[in-house]
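Below is one structure, written out as structure tokens, with a few remarks after it.
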Amino acid sequence: MTSHDVDAMTAATDTAVRNPVSIRSVPRWLRQNPLGLTGGLLLVLLVGFCFLGPLFYQTNQTDVDLVNAALPPGPGHPLGTDTNGFDVLGRLMAGGQVSLQIGLLAALFATTIGTVYGAVAGLAGGVVDGFLMRLVDIMLSIPFLFFVLILSARFHANALSLSLVIGGFSWLVSARLVRGEVLTLRVREFVLAAKVMGASRRRIILTHLIPNALGVIIVNITFQVADAVLVVAALGFLGFGLTYPTADWGSQLASGVTYISADYWWLIYPAGACVILTVLALNLLADALRDAVGRRGD
């Protein structure tokens, strides 16, 4: 191989790495996608409500106040109070912080494991790929929510442990997605050039395959956050989520449903609306991102 050939391969490899999936075109495609733009703006508003809202609307979310329990919406409490006397609006902000933090941490944890696992399986191919993916199939056959319920009942749940448990099962989907992307990338010229130049498998995965699968990874993270928010809400609703004084939207829904016959609507609908709007915003944004990064020719 001549030095000219090596330089040409290096240039081709560097070009492919610098322009993995037309990430620069994503903002333009989002602007052209009304639903995606709506999802992005809605998500920004929800994040601002949860994390910036407490700076302007400060409430006591630690001390029980039974004297002011179950008050309907009115002056001083725009969304009323719950059965422990906590301001519902402030409770929604606090619960949203926890739900979004768990969702993001679980998504990052799951995507990191799934990306590396899927890239290794896709690049290796053959028997190794078959064995690794059969393990994924076996784990996918385990009822996810059922297993999480067992762990939550056995161990004390907190934000970090819940994130790790959810992420520890959610990576299976990420692995299959990344593996499928790597199967198409490993026969591309820049990967073949890297192999000819003697690049190690580790370097090929970290420098060439994962950056070029970044579009799929970003879209998957968005869906993973939405799924994790739903799981946290489901666990809280079933009574296996976070415990006092930590609040989440699922536990708020569970406590509200207990008093549904008393027509305490302010304990149910606001928390349910927050869950629905958050998942809807993330799904709309993820769909728009998927369309944007799929247009690799731009």
Using atom types as modelled, flag every donor-acceptor pair under 3.5 Å from a side chain in residues 38-57 to any protein atom, sequence neighbours excluded.
{"unit_1": "Thr38", "atom_1": "OG1", "unit_2": "Pro34", "atom_2": "O", "d": "2.7"}
{"unit_1": "Tyr57", "atom_1": "OH", "unit_2": "Asp87", "atom_2": "OD1", "d": "2.9"}
{"unit_1": "Tyr57", "atom_1": "OH", "unit_2": "Asp87", "atom_2": "OD2", "d": "3.2"}

Say whether Val136 and Ile113 are linked into one hydrophobic cluster, either directly or through other cluster members, by side-chain heavy-atom distances under 4.5 angstrom.
-> yes
Judged by atom type as modelled, is there a donor-acceptor pair below 3.5 Å linking the side chain of Asn212 to the main-chain atoms of His208?
-> yes
Dump the intermediate steps for side-chain contact (heavy atoms from CB on, under 4.5 Å) on Ile166 and Asp227, then the final yes or no.
-> CA-CA 9 Å; Ile166 295 174; Asp227 292 341; over 6 Å; no
For Pro78 and Leu89 the tightest heavy-atom approach is CG-CD2, 4.1 Å
Do the non-hydrogen side-chain atoms of Asp137 and Arg134 ever get within less than 4.5 Å of each other?
-> yes
Is Leu277 reachable from Leu282 through a run of I, L, V, M, F, W or Y residues, each pair having side-chain heavy atoms under 4.5 Å apart?
-> no
Could you grab the distance from atom CG of Leu235 to atom CG of Leu230, nearest 0.5 Å is fine?
-> 11.0 Å
On a heavy-atom basis, the closest approach of Ala119 and Ile210 is CB-CG1, 4.4 Å
Pairwise distance CD1(Ile142) to CZ(Phe169) - rounded to 0.5 angstrom | 5.5 Å
Residues that Asn68 engages under side-chain hydrogen bond (donor to acceptor under 3.5 Å, both in side chains), provided they are two or more places apart = Asp65
Using a 4.5 Å cut-off on heavy atoms from C-beta on, say whether the side chain of Leu105 contacts that of Leu160.
-> yes
Mind checking whether Phe190 and Ile204 have side chains closer than 4.5 Å, heavy atoms only?
-> no
Can you get from Tyr269 to Ile276 by hopping between Ile, Leu, Val, Met, Phe, Trp and Tyr side chains that sit under 4.5 Å apart?
-> no
Going by heavy atoms in the side chains, are Arg176 and Leu172 under 4.5 Å from each other?
-> no
Beyond-backbone contact of Val116 with Ile205, side-chain heavy atoms, under 4.5 angstrom | no
Which heavy atom of Ala254 sits nearest a heavy atom of Gly236, and at what distance?
-> CB-O, 3.6 Å
Which distance, rounded to the nearest 0.5 Å, do you find between the CG of Leu164 and the CD1 of Ile102?
-> 10.5 Å
Only one of Asp129, Leu123, Val120 forms a side chain to side chain contact (heavy atoms under 4.5 Å, CB included) with Arg179, so which one is it?
-> Asp129
Just by modelled atom types, is the Thr112 backbone N or O under 3.5 Å from a matching donor or acceptor in the Thr115 side chain?
-> no
With a 4.5 Å limit on heavy-atom distance, are the side chains of Pro73 and Trp265 in contact?
-> yes
Co-membership, hydrophobic cluster, residues Ile217 and Leu108, 4.5 Å side-chain | yes
With no hydrogens and no angle check, is any side-chain donor or acceptor of Ser141 less than 3.5 Å from a backbone partner on Ile138?
-> yes
Which atom of Asn283 lies closest to which atom of Ala226, heavy atoms considered = OD1-CB, 3.9 Å
Counting distance only, does the side-chain N/O of Gln224 pair as donor-acceptor with the main-chain N or O of Ser170 below 3.5 Å?
-> yes
Does the pair Asp82 and Gln252 meet the rule for a side-chain contact (heavy atoms from CB on, under 4.5 Å), with working shown?
-> CA-CA 9 Å; Asp82 64 10; Gln252 290 178 262; over 6 Å; no
For the side chain of Thr81 and the backbone of Leu71, is there at least one donor-acceptor N/O pair under 3.5 Å apart?
-> yes
Side-chain contact, heavy-atom cut-off 4.5 Å: Val64 with Phe86?
-> yes
side-chain contact (heavy atoms from CB on, under 4.5 Å) between Leu100 and Thr278: does it pass, once the steps are laid out?
-> CA-CA 9 Å; Leu100 291 174; Thr278 301; 3.8 Å; yes
Closest approach of Gly103 and Ala228, non-hydrogen atoms and distance?
-> CA-CB, 3.5 Å
Please check if Ile218 and Phe223 belong to a single hydrophobic cluster, counting links between Ile, Leu, Val, Met, Phe, Trp and Tyr side chain heavy atoms closer than 4.5 Å.
-> yes
Residues Gln61 and Gly90: closest non-hydrogen pair is NE2-C, 3.4 Å
Separation of Leu104 CG from Phe109 CZ (nearest 0.5 Å) | 14.0 Å
Residues forming a ring pair (Phe, Tyr, Trp, His ring centres under 6.0 Å) with Trp171, sequence neighbours excluded | Tyr117
Spatial distance of atom CZ (Arg201) from atom NZ (Lys195) [nearest 0.5 Å] = 7.0 Å
Any sub-3.5 Å donor-acceptor pair from Trp249's side-chain atoms to Gly272's backbone N or O?
-> no
Side chain of Arg186, backbone of Val191: donor and acceptor closer than 3.5 Å?
-> no
d(Cys274 SG, Arg91 CZ) to nearest 0.5 Å is 13.5 Å
Side chains of Val178 and Leu209 in contact at under 4.5 Å (non-hydrogen atoms) | no
